[in-house]
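The block underneath contains the structure these notes are about, expressed in structure tokens.
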Amino acid sequence: AQSVAQPEDQVNVAEGNPLTVKCTYSVSGNPYLFWYVQYPNRGLQFLLKYITGDNLVKGSYGFEAEFNKSQTSFHLKKPSALVSDSALYFCAVRDPSSGGSYIPTFGRGTSLIVHP
Amino acid sequence: DAGITQSPRHKVTETGTPVTLRCHQTENHRYMYWYRQDPGHGLRLIHYSYGVKDTDKGEVSDGYSVSRSKTEDFLLTLESATSSQTSVYFCAISESTLTGPNPEQYFGPGTRLTVT
């Protein structure tokens with residue numbers, strides 16, 4: 001079985017400060033990991049993914065995420081937050097060894113609020 | 001949201017009436033998915049399709065049916081709408097690779113459904 005947890009419902013950060021949105025996962029094999037962002041009244045947009053290789057993954061809009069196998073984490077980071085980064089962020093996991101369904105499991109989402 | 005449209009974008013209906021939501025893609029992707037998004041639950045999979053006339057259930061499929069008669073269209077039907085089906089519904093697509101769907105998904109703009 002696969003599962004993902006986003007332990008914070010909301011993260012508040014001042015503009016210009018670094019931000020971190022946390023995600024931990026549980027799978028039986030090596031995971032595929034994803035981050036998506038949702039702006040108000042919009043669908044989810046793909047930000048970045050980890051499949052294999054370098055543990056630090058760079059994505060859209062200056063975001064990056066670090067895969068940590070020992071801590072089963074995939075935290076989303078950005079060195080300097082912008083007010084326009086305020087949105088809902090979803091982490092997702094897929095276990096490629098799980099068989100034919102290929103369906104990811106999404107976390108409950110973390111609301112990021114960047115204050116001017 | 002490019003390449004994926006959902007209709008209607010908003011709908012209010014009464015308990016007990018049938019409702020059909022449409023997802024249309026112009027990307028010619030093989031895999032299509034229907035999710036619902038509710039506060040505190042994140043995204044939950046309702047049904048998905050891995051080809052024309054090939055569909056399967058997700059984790060919250062009770063009360064929903066789907067059909068896919070063409071690659072570009074995936075319909076979600078609520079046979080007899082209930083208030084618990086008030087939600088925002090998202091369609092998603094993903095490409096196919098030699099070993100299955102491409103890991104990341106691309107989402108439509110969503111349909112806000114209210115059942116009174």
Side-chain angles (χ1 to χ4, degrees), chain A residues 1-10 21 23 25 27 29-53 57 59-60 65 67 74 87-111, chain B residues 1-7 9-10 21 23-25 27 29-51 54-61 88-112:
Chain A
Q2 60 190 31
S3 65
V4 62
Q6 294 181 241
E8 302 156 318
D9 290 335
Q10 184 172 303
V21 183
C23 173
Y25 67 90
V27 298
N30 293 316
Y32 290 175
L33 293 157
F34 312 87
W35 276 103
Y36 292 84
V37 60
Q38 184 182 31
Y39 298 103
N41 301 311
R42 300 290 298 276
L44 277 69
Q45 296 179 30
F46 171 72
L47 269 182
L48 52 79
K49 67 182 177 185
Y50 172 83
I51 302 298
T52 187
V57 178
S60 307
F67 170 62
F74 190 57
L88 192 57
Y89 290 81
F90 289 94
C91 182
V93 65
R94 199 185 103 185
D95 184 349
S97 64
S98 63
S101 68
Y102 308 108
I103 304 299
T105 297
F106 285 83
R108 295 187 175 186
T110 298
S111 178
Chain B
D1 301 351
I4 311 170
T5 56
Q6 293 185 231
S7 58
R9 293 294 313 279
H10 302 270
L21 308 182
C23 177
H24 179 79
Q25 61 147 327
E27 307 296 326
H29 286 356
R30 177 182 174 189
Y31 295 86
M32 300 185 74
Y33 313 80
W34 276 108
Y35 290 91
R36 59 178 290 174
Q37 182 179 20
D38 305 288
H41 291 277
L43 262 68
R44 293 181 291 176
L45 182 69
I46 305 171
H47 282 278
Y48 66 99
S49 169
Y50 47 96
D54 292 325
T55 65
D56 206 347
K57 297 179 180 180
E59 64 176 298
V60 291
S61 60
V88 180
Y89 291 85
F90 287 100
C91 174
I93 64 175
S94 60
E95 297 180 85
S96 59
T97 69
L98 292 176
T99 56
N102 206 22
E104 63 265 31
Q105 296 171 306
Y106 296 92
F107 287 79
T111 294
R112 185 173 297 274

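Computation of the quantities below employed the complete heavy-atom set of this structure, encompassing side-chain atoms and omitting hydrogens, waters and symmetry-equivalent molecules. Numbers restart at 1 for each chain; the letters A, B, ... are given by sequence-line order, proteins then strands.
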Kindly give the heavy-atom pair with the smallest separation between [X] and [Y], and that separation in Å.
{"X": "B/Ile4", "Y": "B/Cys23", "answer": "CG2-SG, 3.9 Å"}
{"X": "B/Ser94", "Y": "B/Tyr33", "answer": "OG-OH, 2.8 Å"}
{"X": "B/Thr5", "Y": "B/Pro109", "answer": "CA-CD, 4.4 Å"}

Considering only heavy atoms, which portion of [X] lies under 4.5 Å from any heavy atom of chain A: side chain, backbone, both, or neither?
{"X": "B/Leu45", "result": "side chain"}
{"X": "B/Glu59", "result": "neither"}
{"X": "B/Tyr35", "result": "side chain"}
{"X": "B/Arg44", "result": "neither"}

(Q) For B/Leu43 and A/Tyr36: C-alpha separation, side-chain torsions, deciding distance, then whether side-chain contact (heavy atoms from CB on, under 4.5 Å) applies. (A) CA-CA 11 Å; B/Leu43 262 68; A/Tyr36 292 84; over 6 Å; no

Could you tell me how the ring of A/Trp35 sits relative to the ring of A/Phe74: parallel (under 30°), tilted (30 to 60°) or perpendicular (over 60°)?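 Correct class here is parallel.
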
Which bit of A/Gln38 comes within less than 4.5 Å of chain B, counting heavy atoms only: side chain, backbone, both or neither?
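Side chain only.
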
